[in-house]
Amino acid sequence: MYKNLDDKFSLPGLADEMLDFWAKDDTFNKSVNEKDPKKHFTFYEGPPTANGLPGIHHVIARTVKDIICRYKTMQGYRVNRKAGWDTHGLPVEVEVEKQLGLKSRHDIYEFGAINFNEECKKSIFKYLSQWEILTQKMAYWINLDDAYVTFHNEYIESVWWALKKFFDAGLMVKGFKILPFCPICESPLSSHEVAQGYVDLKDPSVYVTFKIKNEEYKDTEFLVWTTTPWTLPSNVALCVNPTSDYVLINTKKDEKFILSESRLSVVKDEYEIVKRFKGTELEGMEYEPLFSFMEVEKKAYYVTLGDFVTLDDGTGIVHIAPAYGEDDYNIGQKYDLPVLQAVYRDGLFVKAAGKYAGRNFKECDPDLILELKANGRLYKKEMFTHSYPHCWRHKVPLMYYATDSWFVKTTTYKDKMIEMNKQINWNPPEFGSGRFGNWLEENKDWAISRNRFWGTPLPVWYYLDDDGKEVYECVGSIEELKKKSTNFDEVYKDIPFDLHKPYIDNIKLVSENGKEMKRVTEVIDCWFDSGSMPFAQYHYPFENKEWFEENYPADFIAEGVDQTRGWFYSLHAIGTFLFDKPAYKNLIVNGLILDKLGKKMSKSVGNVVNPFDMMDKHGADVLRWYLVGNSPIGKSKNFNEDEMVDVKNKFFDTLINTYKFFVLYSNMIGFDYTASEKVDVNERQEIDRWIISKLNSVKKKYFENLEGYEITKAIRVVHDFTIDELSNWFVRRNRKRFRYPENEADKNSAYQTLFECLREIVKMIAPVSPFIAEKLYCNLLPNEGSVHLSEFTNFDEANIVNELEEQMAMAQEIVYLVRAVRVKNNLKVRQPLRQLLVPVLSEEEKNRLLRVKDIILEEINVKELKILEGDSDIIVKKAKPNFKSIGPKFGKDVKQVQKIILSFDKADISELQKAGKVEKEGFTFTNDDVELFTENIEGWIVESNNAVTIALDTKLDKELADEGFVREFINRVQNYRKNNDFEVNDKISIFVKTNDEINSILSNNTEFIKKEVGCEKMGNKILEGKEYINTDINDVYCEFYIEKI
RNA sequence: GGGUCAGUAGCUCAGUUGGUUAGAGCGCGUGCCUUAUAAGCACGAGGUGGGAGGUUCAAUUCCUCCCUGACCCA
């Protein structure tokens, strides 16, 4: 006996039962440990931070990871799944600041760095339990007990090892760079952080004039455009594009300006062009500064040249403030310009700035503009809106600010990164070639230092040499630290060993030449931590050398598109340099999850989807399927709960009902797959071989797609097969046969076929929807153990028979056409009809049709199929052009040729069929040029589509009408049974009240009716006091009374 | 401002090495079928394939420009 799903069965309710089963069975560990270590598939888990709550976007990435890992497991691979936690960096610090009410850097110092870092450590796993519950509930199999944690000393040591590799190669250096800088954090932000904080800002854009000093252009001014008036006091130069054309103009108001010729549209008044220059001719021209409160030590205030100057907006002349822009800084370097910093790193103007001193840089824009206007230096002012980066937690505009920072010089091996990227299989591919590829092309050195507290300390110590220059050494291991340190034991005398600040700051080293060295104060970008996970998770190279070498690069990783410049990059940048190989071979990138209207989910809007709610309501199986199946994974997804319910109703309910059907009838009729005598597939009925062929075609596509990491395509194939092929055709067509099989062999053939389909579907969906797959598998094969421990590697090519699939497609096509004719002629399917005519064009087609004849006739309730052979006189054949063939052949004449072919008459067509070619109006046509079809059958109502034409005999004779009547009657009785919840095996008596004609029809068919409706007694005795059911059948009045026996 | 992707029915998505009636599901209307089905089937309504050009005998598909949206970057 097979176990059926009980009435209370629900998908959400299944989770606990299955989790319990896996826990007792230790299924996950078995699925890894019982596999051959030699045949491994390496997966890297991108570490989340557990100090924030998990959201729906985490569910999609983890579903993708889980699907591939489970799939590879079933393919026989050993897939180790070590979890990881990202624990350093600003997100953690921010949480702590919020908790403790610390508002600035100063507050943190007051609170004390030791205490602060202790708080950070405590805060890391604030939501760990939520993450664990999510992991469980969504059935994400990962080893949480053995997770790597980025703040552990061993992990940090591995990161140090990597940093030292960079340092020793001269690729980790201290530099002065323009970085986005938050005035409140007083720290540069990583590009990742910047990306989180773009806000639309209304800013002034001003055109200002710079007076030229040269005698020759005494009254002439440079017209310059800027969107950051606050940088003007720090101006030291102007810059023009060397190859562009500039003009000197004289306006109606007698103003003389120099600007780019292609930007003349910004001039307010009429003007005439006085003189033209190439950009290069302007180089070196001096001008008077706008503001004078900053002192300059070097030559400044002249025109420079720069390729970066564009002519898309502004005036083609750019003002240069080297401290506040990257291009500006580079020009400053090139021309040895002084660096003025009228605004300090805290975002406030410096003391020397007079009335601006101590005020925020952005807030001074209006006053600066006023002052420019007062001095006659303002040409015009506009407001414009642009998206400007803000600090994502302090919500203040960032400054681009020149600051000391440590860099990894990734640009030196950029080409290698680009080369290696080509070896990576990106899914979807355009992310790799486009988004990531372009990012690599424009690679910038990686600013890895942070002036913060909670992070991997930069393992660099320094002393000052005789010239006062800093000399650096980098430490690459704890052992090295101990060896070089003079005070290691002292520092860690009373506290446990901890590589973090501030303890590490107290460690003094001795340099190679005997000098005492102090540590630099910075920590590193936490993206360097996570990018080091391939080796740091196993404390390589200090331990697990062999393991690492075997498991690098990863076979597979998956994360959201937001990781392109995050983790995908940090893995790639670190891996390429250290190991000369990409860090991963395949990856799947999932798109963002938006709300159902396509808006970003945000707490303030209140449109955030809670994954726990979704799983509680619909079950993780459905959620997982929906997330990866409903739209391509790489596209952003508008999350819509209603659509998820559709997935449940259509796919899961169909599968479950098919399963229930199998169990119900197996148990009723006494079938057990394992005990039954196997019928070879070739011995089975045509329809069985057909569904087995379909099944194997589906498996083939499933494997192909998953091997290409195409999850969505893979599961859509299974989805369609389950609903269309298996449930709506195979099971429906065979219902009678399952109830009343012809013989033992037929029974086994039918049931074994259905069983095998179910089993294979269950295996195919196991990676995607692991709970329901497990439940059904264990019920179907109670002695086999978990589906997730089963092997699933191949399909049976020999059982794929195209001919079978084609002939069934033809049958379905014909059935479809007949139904259409019936509807148009108001003939219910219940009404039997005499005959169906189908013309065929070849012997092959005829034979194909004969093989599916019975299926067609039964499906459409017609008595006979008459096949009209090609030469039958009553078929009217027509020809239509095959453009694929005639296009290249006739070129420009195609339109004319089309007309000719459409006008082919019977003689033309028969000549073409006989001779293989026909000549007409000077053109020669062959079989390939023409598609023949049956347009009409004389004297019949026809229906046709591209492939087939049918004609249906719609005339009714007495026999047919009677039979139709009987079927109607049976239908009424069955409906009654169903509506009154009769069991299938309940026997009934029927009493009918109707006219004589009907009575005679019914009594002529009593035996048939009895059999169909499970009736033992049927008569027209009139029972008094019973409630008869009124109905009418084909407009004839009829009453009946039914009694359960 | 630059990059990537997308824009196909009311919604979610297929498809197209360029071939002349562009498909499915959901939703809507009508009818039908059913003793596994909160299912299914048929018919119908619903599409200027984002817009404009170009290449071609032929463009939803290739090219150019533009518009809109999402994301990434400045």
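Each chain gets a letter, A, B and so on, in the order the sequences are listed, and its residues count up from 1.
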Report task. To the nearest Å, give me how far apart NZ (Lys635(A)) and P (C71(B)) are. Result -> 15 Å
**Report entry** Length of the line joining Asp562(A):CG and A70(B):P, which is rounded to integer Å
**Finding:** 17 Å
Query raised in the report: Which part of the nucleic acid, if any, lies within reach of Tyr665(A) when heavy atoms closer than 4.0 Å are counted: base, sugar-phosphate only, or nothing?
Result: sugar-phosphate
Requested in this report: Sort out the partner of A58(B) for me: Watson-Crick or G-U wobble, both distances under 3.5 Å, none otherwise.
Outcome: none
Requested in this report: Test Asn779(A) against Tyr659(A) for side chain to side chain donor-acceptor pair (under 3.5 Å), laying out the working first.
Outcome: CA-CA 10 Å; Asn779(A) 281 2; Tyr659(A) 169 78; 3.1 Å; yes
Query - Atom pair CZ (Arg830(A)) and CD1 (Ile970(A)), whose distance is rounded to the nearest 0.5 Å - result: 10.5 Å
Query raised in the report: Taking only N and O in the side chain of Ser631(A), is any of them less than 4.0 Å away from OP1 or OP2 of C13(B)?
Result: yes
Query raised in the report: With both distances under 3.5 Å as the test, what is the Watson-Crick or G-U wobble partner of C5(B)?
Result: G69(B)
Query - Length of the CZ-C1' vector between Phe652(A) and A36(B), whole Å - result: 18 Å
Requested in this report: Look at all strands and tell whether Gln974(A) reaches a base, only sugar-phosphate, or nothing, counting heavy atoms closer than 4.0 Å.
Outcome: base
Requested in this report: Calculate the interatomic distance between Ile886(A) atom CD1 and U56(B) atom P; express it in whole Å.
Outcome: 19 Å
For nucleotides 26-29 of chain B, give me every protein contact, N/O to N/O, under 3.5 Å, one pair per line with atom names.
from: C26(B); atom 1: OP1; to: Lys650(A); atom 2: NZ; distance (Å): 3.4
from: C26(B); atom 1: O2'; to: Asp646(A); atom 2: OD2; distance (Å): 3.4

Query raised in the report: Is there a Watson-Crick or G-U wobble partner for A24(B) with both distances under 3.5 Å, and which nucleotide is it?
Result: U12(B)
Report task. Would you mind pulling out the nucleotide paired to U64(B), Watson-Crick or G-U wobble, both distances under 3.5 Å? Result -> A52(B)
Query raised in the report: Just how far is it from atom CD1 of Ile886(A) to atom CG of Asp929(A), taken to the nearest 0.5 Å?
Result: 7.0 Å
Query raised in the report: Using a cut-off of 4.0 Å on non-hydrogen atoms, how would the nucleic acid contact of Asn971(A) be classed: base, sugar-phosphate, or nothing?
Result: sugar-phosphate
Query - Interatomic spacing from NE2 in His618(A) to CZ in Phe652(A) - rounded to 0.5 Å - result: 12.5 Å
Query - Distance between P atoms of G1(B) and G44(B) (Å, rounded) - result: 49 Å
Requested in this report: Could you tell me whether Arg977(A) contacts a base, only the sugar-phosphate backbone, or nothing, with contacts defined as non-hydrogen atoms closer than 4.0 Å?
Outcome: base
Report task. Name the pairing partner of G18(B), where a pair is Watson-Crick or G-U wobble with both distances under 3.5 Å, or state none. Result -> none
Requested in this report: Remember a base hit wins even if backbone is also touched, and classify Asn630(A) as base, sugar-phosphate or nothing at under 4.0 Å, heavy atoms.
Outcome: sugar-phosphate
Requested in this report: Indicate whether OP1 or OP2 belonging to U12(B) is found under 4.0 Å from a side-chain N or O atom of Tyr626(A).
Outcome: no
Query - Below 4.0 Å: OP1/OP2 of G40(B) and any side-chain N or O of Arg732(A) - result: no
Requested in this report: Let me see the working for Ile669(A) and Phe738(A) under side-chain contact (heavy atoms from CB on, under 4.5 Å), right down to the final yes or no.
Outcome: CA-CA 8 Å; Ile669(A) 206 164; Phe738(A) 281 109; over 6 Å; no
Query raised in the report: Rounded to whole angstroms, how far apart are NZ on Lys899(A) and C1' on C57(B)?
Result: 13 Å
Query raised in the report: Partner of C41(B) by Watson-Crick or G-U wobble geometry, both contacts under 3.5 Å, or none?
Result: G31(B)
**Report entry** Nearest-angstrom distance from the residue atom NZ of Lys637(A) to P of U12(B)
**Finding:** 12 Å
Query raised in the report: Charged N to carboxylate O under 4.0 angstrom, Lys637(A) versus Glu643(A)?
Result: no
Query raised in the report: Base, sugar-phosphate alone, or nothing: which one does Arg716(A) contact when heavy atoms must sit under 4.0 Å apart?
Result: sugar-phosphate
Requested in this report: Give one of base, sugar-phosphate or nothing for Thr564(A), where a contact means two heavy atoms less than 4.0 Å apart.
Outcome: nothing
Query - Residue Lys713(A) excluded, over 12 heavy atoms near NZ under 6.0 Å - result: no
Query raised in the report: How many Å lie between CG on Asp929(A) and C1' on A58(B), as a whole number?
Result: 16 Å
Query raised in the report: Any donor-acceptor pair under 3.5 Å joining the side chain of Ser727(A) to the base of A36(B)?
Result: yes
Report summary line: When rounded to whole Å, the CG to C1' distance for the pair Asn640(A) and C13(B) reads 13 Å
Query - Whole-angstrom distance between A22(B) and G47(B), as gauged at atom C1' - result: 9 Å
Report task. Name the nucleic acid region contacted by Pro632(A), choosing base, sugar-phosphate or nothing; use a 4.0 angstrom heavy-atom cut-off, strictly under. Result -> sugar-phosphate
Query raised in the report: Counting only side-chain N and O atoms of Arg830(A), is one of them less than 4.0 Å from OP1 or OP2 of U34(B)?
Result: yes
Query raised in the report: With sugar-phosphate meaning primed atoms plus P, OP1 and OP2, does Val731(A) contact a base, only sugar-phosphate, or nothing at under 4.0 Å between heavy atoms?
Result: base
